[in-house]
Amino acid sequence: MDSPSIDNAFLTKKSSSDKNADPTAKPPGKRAYRRYSAADRAEFFAVFERLGSIPAAARELGFNPVTCRSWAGPSDRVSGQKYSQAQKDEFFVILDRVGSVSAVAKMLGINVQTCFRWAYKAGAVTRTPRVNPVVAEPSATAEQRGEFFDVLARVGSVSVAARELGLPRPRCVNWARKAGIGSIHPGVAKRAEYFRLREAGVGRKEAAAVAGASRKSGYLWENERDRAKGRAVSAESLDVPYKREVSTTFSEPTVSDTAPAAPTVLAPLVVPEAAVAALQAMAASEPAAVTLEALEQAVSARYLSLPERERIADLLTREESLRAIARALGRSPGSISREIKRNSHPVLGYQPYGAHRTATAARARPKASKLATLGALRDYVKDKLRIRWPPEQISKVLIKDFPHDEQMRVSHETIYQSLYFQARGGLKREVKEALRTGRTRSKKHKSPEERTSRFRDPMINISERPPEVEDRAIPGHWEGDLITGTSNQSAIATLVERTTRYVILVHLPVDHSAESVRDGLIKTMSTLPAHLRGSLTWDQDVEMAKHKALSIATDMDVYFCDPHSPWQRGTNENTNGLLRQYFPKGTDLTVYSPEDLEHVAQELNARPRKTLNWNTPAESLRDLLIAS
């Protein structure tokens, strides 16, 4: 229903009662504001001088405290604080006399919560915990409990049964747990199906998708099952010596001598099959025994040892951080974090001997090779090897041919192991003929220390070069290399001094064999003063095979860079880039005479360099020669 329209003139029209109203009366609803005179202000200052408190003077005179504070000017409070220290002291003085925080706050005009905060911090009052009245719940009867289990057997859900009967859900959950029913939620069926697929060899992602659950749920389910395997704890486990064969990290809990009370006999309960399957899937399996041989076996240094685990336990007792423990052991913080997370006991925390047994049991992989048993995977590998497929191709094509079958997976290393080692129960000997190399044993890969030396004469590695060479403090140390021409048939040797960047080009008219390079370098370096023949750094190319003869003839140490490490002689690499402006790649370098090379070297040495404070290499070398 629409509201009736009202004329605006009616609203502005005065009634007869308004005509008789007092014109000086203030309209209702408005607060009367007092105007203070100069006499009022002088009176306030007189009372304030006598009392020493702005709120007390305002109360005595009946003035507004805010107006009085504005008259008094800036207070002594700290910037950012609402109340000054004088107000705080006045509060405690009055509180000691009155005894009520709320009364003092109201008397001084200060916020009540602020006053309570001051009082609590100073210990003037103590907090009284609020106690909620305990309402006694009506005790459940045996009929209600029996009725609950009847409904639970019908609906299969604790929550649904509790709602249907109007009972508190926590009480119903406790009844179900005491009866041995951990959970019969509909999600248990998904969990049971997930574990069934995982035991059949299906991947985590695929099993979660088939079971109708998320990948994260499957991950959490597996973590919960793994944690359930180590929950049995006994106080006697701490007394077990380390050198004793044990089957678990800690001994099983002892059974109490006192027999438990007989459970209450309830009405028969029909548990859904999904719940039974889930409980069976979650049953913890016994871990494999750890033998003394496995515990005392020497393993690689990349595994944590028992002394290191003992030190981790000591540092954890001192409440050191993970990064501090990692620095103390020279390990990665991630390694320490994973060690503590994986091998800690759920109740006793990190125990070094128990952690060592747990890690040793997890490290062992006593499983048979995938190709040791008959099956479709073995037949597939045999067929591909017969048509001379390499193991890596077989491994990768298996994923394409069987994208949804996780059982049809094998790494190329497993195939090689089956071919090389008969003890692995591998393939038949005639299949070995399919390998391209024809080898029946794996080839050992040598470490850099075991490899044959590049040259007959021992090399001096760049790591043994003196520190003064590295910081370019002393001149006379050179870097060298070759720039080659068309099809690497011609070459020019380049030398650059590390301190002054002075460039020398060595002419190689015949070839760039070891003998030619040796003779060219000896002829060129012999023209330099002795104090400018400190050392020479080169890469490990074959032209330096006669480095020992060069070192003896020039009285210079020759240092060699690491393989494939051109940055270790970066000055020479940069100079070679500048030389390519004069000698482009693909050029026949035999057409250049020694005079041409000298002209190019002079041009480079006359260029100002930023690293030399815009001096030229020729000027820098000249200054060195004059100073010497």
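The structure presented is a predicted model; accordingly, all values stated were derived computationally and were not measured.
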Practice task
Answer yes or no: is there a side-chain heavy-atom contact under 4.5 Å between Ile399 and Arg409?
Solution key: yes
Practice task
Report the distance from atom NE2 of His356 to atom CD of Gln351, rounding to the nearest 0.5 Å.
Solution key: 15.0 Å
Problem - Expected output: side-chain Glu479 to main-chain Asn572 donor-acceptor under 3.5 Å - result: yes
Handout entry: Side-chain donor/acceptor of Ser395 to backbone N/O of Gln393, under 3.5 Å
Key = no
Handout entry: Arg331 and Glu339 ion-paired at < 4.0 Å
Key = no
Completion exercise
Taken to the nearest 0.5 Å, the spacing of Ile312 CD1 from Leu304 CG works out to 5.0 Å
Problem - Considering all heavy atoms, the nearest Glu406-Gly203 contact - result: CG-N, 3.6 Å
Practice task
Output, in order, the C-alpha distance, side-chain angles, deciding distance and verdict of side chain to side chain contact (heavy atoms under 4.5 Å, CB included) for Ser335 and Arg338.
Solution key: CA-CA 5 Å; Ser335 300; Arg338 288 189 295 270; 3.6 Å; yes
Exercise for the section: For Cys172 and Ala162, work out which heavy atoms get closest and say how close. Expected result: SG-CB, 3.7 Å
Exercise for the section: State, with a plain yes or no, whether a side-chain heavy atom of Ile394 is found less than 4.5 Å away from one of Tyr380. Expected result: yes
Fill in the blank from the handout: Tightest non-hydrogen contact, residues Leu322 and Ser337, listed as CD1-CB, 4.0 Å
Practice task
Supply the atom-to-atom distance Arg204 CZ to Leu197 CG, rounded to the nearest 0.5 angstrom.
Solution key: 14.0 Å
Handout entry: Met459 CE to Tyr559 OH distance, which is reported to the nearest 0.5 Å
Key = 14.0 Å
Problem - Test item: Arg342 and Thr358 side chains (from C-beta on) under 4.5 Å apart, heavy atoms - result: no
Problem - Heavy atoms from other residues, nucleotides or ligands near CZ of Arg215 exceed 12 (cutoff 6.0 Å) - result: no
Handout entry: Point-to-point distance, once rounded to the nearest 0.5 Å, from NZ of Lys370 to CE of Met408
Key = 10.0 Å
Practice task
Evaluate whether atom OH of Tyr120 has more than 12 neighbouring non-hydrogen atoms of other residues, nucleotides or ligands under 6.0 angstrom away.
Solution key: yes
Problem - Non-hydrogen side-chain atoms of Leu152 and Trp175 separated by less than 4.5 Å - result: no
Exercise for the section: Go through the steps for Tyr353 and Arg309 under the test side chain to side chain contact (heavy atoms under 4.5 Å, CB included), then give the verdict. Expected result: CA-CA 8 Å; Tyr353 294 96; Arg309 290 188 167 96; over 6 Å; no
Exercise for the section: Quick one: closest heavy-atom pair of Ser214 and Ala208, and the distance? Expected result: O-CB, 3.6 Å
Practice task
Answer yes or no: is there an ion pair linking Asp379 with Lys382, defined by an N-O contact shorter than 4.0 Å?
Solution key: no
Exercise for the section: Determine, step by step, whether Lys384 and Val381 satisfy the side chain to side chain contact (heavy atoms under 4.5 Å, CB included) criterion, reporting the C-alpha distance in whole Å, the side-chain angles of both residues, the deciding distance to 0.1 Å, and the verdict. Expected result: CA-CA 5 Å; Lys384 297 303 180 182; Val381 174; over 6 Å; no
Practice task
Quick one: closest heavy-atom pair of Ala207 and Val202, and the distance?
Solution key: N-CG1, 3.7 Å
Handout entry: Evaluation steps, salt bridge (Lys or Arg N to Asp or Glu O under 4.0 Å), between Arg311 and Asp314
Key = CA-CA 5 Å; Arg311 192 172 182 188; Asp314 295 338; over 6 Å; no
Practice task
Evaluate the side-chain proximity of Ile483 to Arg580: yes if any heavy-atom separation is below 4.5 Å, no if none is.
Solution key: yes
Handout entry: Non-hydrogen side-chain atoms of Asp541 and Leu482 separated by less than 4.5 Å
Key = no
Exercise for the section: Answer yes or no: is there a donor N or O on one side and an acceptor on the other, between the side chain of Arg569 and the main chain of Asp481, under 3.5 Å? Expected result: no
Problem - Student check: side-chain heavy atoms of Cys561 and Thr537 closer than 4.5 Å - result: yes
Exercise for the section: Please examine the side chains of Asn461 and Phe560, heavy atoms only from C-beta on, and report whether any two atoms are closer than 4.5 Å. Expected result: no
Practice task
Considering only NZ, NE, NH1 and NH2 on the basic side and carboxylate oxygens on the acidic side, decide whether Lys396 and Glu392 come within less than 4.0 Å.
Solution key: no
Practice task
Would you give the length of the straight line joining atom CD of Glu222 to atom OH of Tyr194, rounded to the nearest 0.5 angstrom?
Solution key: 3.5 Å
Practice task
Determine the minimum heavy-atom distance between Leu385 and Trp389, stating which atoms define it.
Solution key: CD2-O, 3.6 Å
Exercise for the section: Using modelled atom types only, decide if a donor and an acceptor are shared between the side chain of Asp562 and the backbone of Ser565 within a distance under 3.5 Å. Expected result: no
